[in-house]
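Note sheet for the following structure.
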Amino acid sequence: MTTPLAETPTDGIAAAALIEKRPLERYVAPAKPSLVGMSRDALAAAFGAIGVPERRQRMRVQQAWQWLYVRGAQDFDEMTTLSKELRTALAQNFTLARPDVAAEQISVDGTRKWLVRLPGEAADRPHEVECVYIPETDRGTLCISSQVGCTLNCTFCHTGTQRLVRNLTPAEIVGQVVLARDRLSDWQRAAGGGEADKRLVSNVVMMGMGEPLYNFEAVRDGLNVVADGDGLSISKRRITLSTSGVVPNIARAGAEIGVMLAVSLHAVTDELRNELVPLNRKYPLRELLDACRNYPGLSNARRVTFEYVMLKGINDSLADARALVHLVKGIPAKINLIPFNPWPGSSYECSDWEQIEKFSEIVFNAGYASPVRTPRGRDILAACGQLKSATEKLSARERLALRAMAMTD
Ligand code: SAH
Ligand code: SF4
């Protein structure tokens with residue numbers, strides 16, 4: 001028996017394919033630890049625990065690394081460069097389990113959303129986060145989560161309304177990339193690979209649920225596995241971490257992670273930003289912009305992305321646009337204008353399209369790339385700010401309303 005994620009789609013919303021939502025009873029928290037998502041150090045310790053002497057651990061880790069992160073092995077028997085005995089010992093003590101996919105939805109535009117089930121405090125109360133794959137002509141971007149829920153309360157963001165918060169582990173962060181590659185059959189099939197063997201998941205953005213810089217160590221360790229050139233191999237220039245402005249950890253991210261930085265700006269005065277992004281009261285605009293200016297390695301080819309959600313009558317005047325370019329002056333930057341995605345209970349409206357275009361033109365004429373983020377996956381609620389565990393707080397009626405809102409415009 002399958003439980004649907006949402007009600008039978010109504011007319012006009014029928015396009016998204018829903019591939020079952022697995023019922024809770026089938027969720028069993030893993031008994032043995034999984035090697036999937038482990039760092040090299042953790043893997044070495046795992047080999048140590050089953051008796052591999054220290055002098056051999058590095059080589060074994062290198063071999064396992066290939067199977068885990070290049071070939072995507074799902075069974076220890078595939079790991080033919082390891083001896084039969086070693087494979088048996090691994091299988092007795094570990095698994096190759098991925099995070100559990102509770103549901104998959106595919107949008108008419110090719111966007112895919114996975115509802116990912118993670119262990120909770122009690123075995124029958126798992127947590128859920130979402131992970132979204134967005135195919136484009138020149139790249140495939142995977143949007144991953146860093147926390148279940150978010151402790152911050154940006155007034156326009158749906159995730160911020162969620163009660164439950166726990167940090168994802170590094171393995172759960174890596175696990176989202178692994179499960180996306182599984183679902184997309186995006187592993188290197190044979191040794192060697194070659195140019196023709198391009199990956200579908202070419203970019204990763206940490207713009208899903210949660211504030212990544214409030215889960216710093218796990219995000220750092222997880223992203224370093226994702227970026228490892230001998231494994232998942234998504235280079236740091238193709239990984240973007242988005243923060244609402246946790247100033248002290250921006251410098252740390254530059255030093256210890258080194259991925260591309262995106263900052264959720266959304267307002268040009270402290271007064272308005274205090275309201276939209278309450279964290280601004282702790283780290284006001286001047287400090288935030290200084291941290292951006294000092295982010296290591298910035299150049300015209302490596303720019304900070306400023307995200308700016310377009311809220312009708314709130315932050316979208318042409319004077320705001322001019323103030324925006326003035327504010328970021330001197331920082332190699334691009335400005336990403338995000339049409340506001342409404343959700344039930346939200347008090348904002350998205351700016352009119354004409355206004356977004358005029359706003360964008362001012363930013364562009366001042367010398368900044370100003371792409372408007374095209375809403376993707378709206379029919380499956382995968383667009384920005386709509387990431388929220390379907391079972392957490394939404395009533396069936398709210399879910400339906402959310403879908404309907406997403407489909408009108
Ligand atoms: N917590 C981090 C990353 C996750 S949010 C951050 O705030 O940066 C990813 C982006 O989506 C952020 O820029 C966020 O401000 C934006 N966002 C949140 N809710 C939105 C909504 N309803 N419509 C459009 N963008 C939204
Ligand atoms: Fe949290 Fe980001 Fe949403 Fe703000 S916008 S509540 S920081 S997820």
Side-chain angles (χ1 to χ4, degrees), residues 129-132 134 141-168 173 176 204-216 219 223 239-247 249-250 253 259-267 272-283 288 291-292 304-312 314-316 334-351 356 371-378 381-389 392-393 402 405-406 409:
V129 293
E130 286 166 332
C131 175
V132 182
I134 306 148
T141 304
L142 187 71
C143 177
I144 62 173
S145 295
S146 58
Q147 297 181 307
V148 179
C150 183
T151 52
L152 300 172
N153 294 93
C154 304
T155 46
F156 53 86
C157 174
H158 207 189
T159 305
T161 64
Q162 204 170 313
R163 291 159 299 176
L164 205 59
V165 175
R166 93 152 160 81
N167 284 332
L168 265 58
I173 290 165
Q176 294 172 69
V204 166
V205 293
M206 192 156 255
M207 295 184 183
M209 292 166 72
E211 169 46 60
L213 295 188
Y214 274 149
N215 184 15
F216 188 87
V219 165
L223 289 183
I239 301 178
T240 303
L241 179 152
S242 173
T243 178
S244 57
V246 184
V247 166
N249 284 349
I250 291 179
V259 293
M260 306 297 285
L261 178 69
V263 170
S264 296
L265 197 61
H266 306 319
L272 180 60
R273 198 163 187 272
N274 284 347
E275 189 186 314
L276 300 179
V277 184
L279 185 67
N280 193 71
R281 296 191 197 127
K282 196 162 178 192
Y283 305 117
L288 176 59
C292 294
V304 177
T305 301
F306 288 103
E307 295 159 284
Y308 196 92
V309 64
M310 299 300 296
L311 304 170
K312 187 174 186 167
I314 305 282
N315 67 353
D316 66 347
K334 52 187 164 202
I335 292 163
N336 203 335
L337 302 179
I338 316 175
F340 170 65
N341 285 310
W343 39 275
S346 63
S347 52
Y348 300 108
E349 275 179 74
C350 182
S351 309
I356 298 181
V372 179
R373 197 182 285 171
T374 344
R376 298 290 302 262
R378 282 194 151 195
L381 309 184
C384 261
Q386 292 180 321
L387 297 181
K388 178 168 165 100
S389 307
E392 282 286 316
K393 234 183 164 183
L402 192 53
M405 284 165 94
D409 61 341

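Just the heavy atoms: all of them, side chains too, but no hydrogens, waters or symmetry mates, feed the values below. Just follow the structure's listing: the first ligand is 1, and inside any ligand the first atom is 1. No experiment lies behind these values; they were computed from the predicted model shown.
By heavy-atom distance, the residue among E307, M310, M209, H266 lying nearest atom 14 (C) of ligand 1 is H266.
Heavy-atom contacts of I338 reach the following atoms of ligand 1: 24 (C), 25 (N) (cutoff under 4.0 Å). Listed by number with element, the atoms of ligand 1 under 4.0 Å from a non-hydrogen atom of E211 are 1 (N), 2 (C). Shown in contact with G208 at under 4.0 Å from a heavy atom are these atoms of ligand 1, numbered in order with element: 4 (C). Those atoms of ligand 1 that come under 4.0 Å of a heavy atom in G210, given as number and element, are 1 (N), 2 (C), 3 (C), 4 (C). Near C157, with a cut-off below 4.0 Å to any heavy atom, the atoms of ligand 1 are 18 (C), 19 (N).
In terms of polar-atom proximity, F156 is counted as a contact of ligand 1, with an N or O under 3.5 Å from an N or O of the ligand. When only interatomic distances are considered, the shortest N/O to N/O separation between P212 and ligand 1 does not fall below 3.5 Å.
When heavy-atom distances to ligand 1 are checked against a 4.0 Å cut-off, T243 comes that close only through its backbone atoms N, CA, C and O. Counting heavy atoms under 4.0 Å from ligand 1, residue N341 touches it through both backbone and side chain.
In this structure, atom 2 (Fe) of ligand 2 has its sub-4.0 angstrom surroundings free of protein heavy atoms.
In this view, F306 satisfies the ring pair (Phe, Tyr, Trp, His ring centres under 6.0 Å) rule with no residue, not counting sequence neighbours. Partners of E349 according to the salt bridge (Lys or Arg N to Asp or Glu O under 4.0 Å) rule, which considers only residues two or more places apart in sequence or in another chain, are K312. In this structure, the side chain to side chain contact (heavy atoms under 4.5 Å, CB included) partners of S244, at least two apart in sequence or on a different chain, are L152, E211, V277, L279.
Between atom CG of residue N315 and atom CZ of residue F340 there is a gap of 11.0 Å, rounded to the nearest 0.5 Å. Taken from CD1 in I173 to SG in C131, the straight-line distance is 11.5 Å, to the nearest 0.5 Å.
Any protein N/O/S atom under 2.8 Å from atom 4 (Fe) of ligand 2 was counted, giving 1 altogether.
The residue from V205, V204, T240 that alone fulfils the side chain to side chain contact (heavy atoms under 4.5 Å, CB included) condition with T141 is V205. Of the listed residues (I338, L276, T155), just one forms a side chain to side chain contact (heavy atoms under 4.5 Å, CB included) with L311, and that residue is L276.
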Give the intermediate values and the outcome of side-chain contact (heavy atoms from CB on, under 4.5 Å) for residues I314 and E275. CA-CA 11 Å; I314 305 282; E275 189 186 314; 5.6 Å; no
Walk me through it: do M209 and Q147 pass the test side-chain contact (heavy atoms from CB on, under 4.5 Å)? CA-CA 6 Å; M209 292 166 72; Q147 297 181 307; 5.9 Å; no
Pair V309-Y348, side-chain contact (heavy atoms from CB on, under 4.5 Å): steps then yes or no: CA-CA 11 Å; V309 64; Y348 300 108; over 6 Å; no
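In terms of modelled atom types and a separation under 3.5 Å, the side chain of N153 and the main chain of P278 share no donor-acceptor contact.
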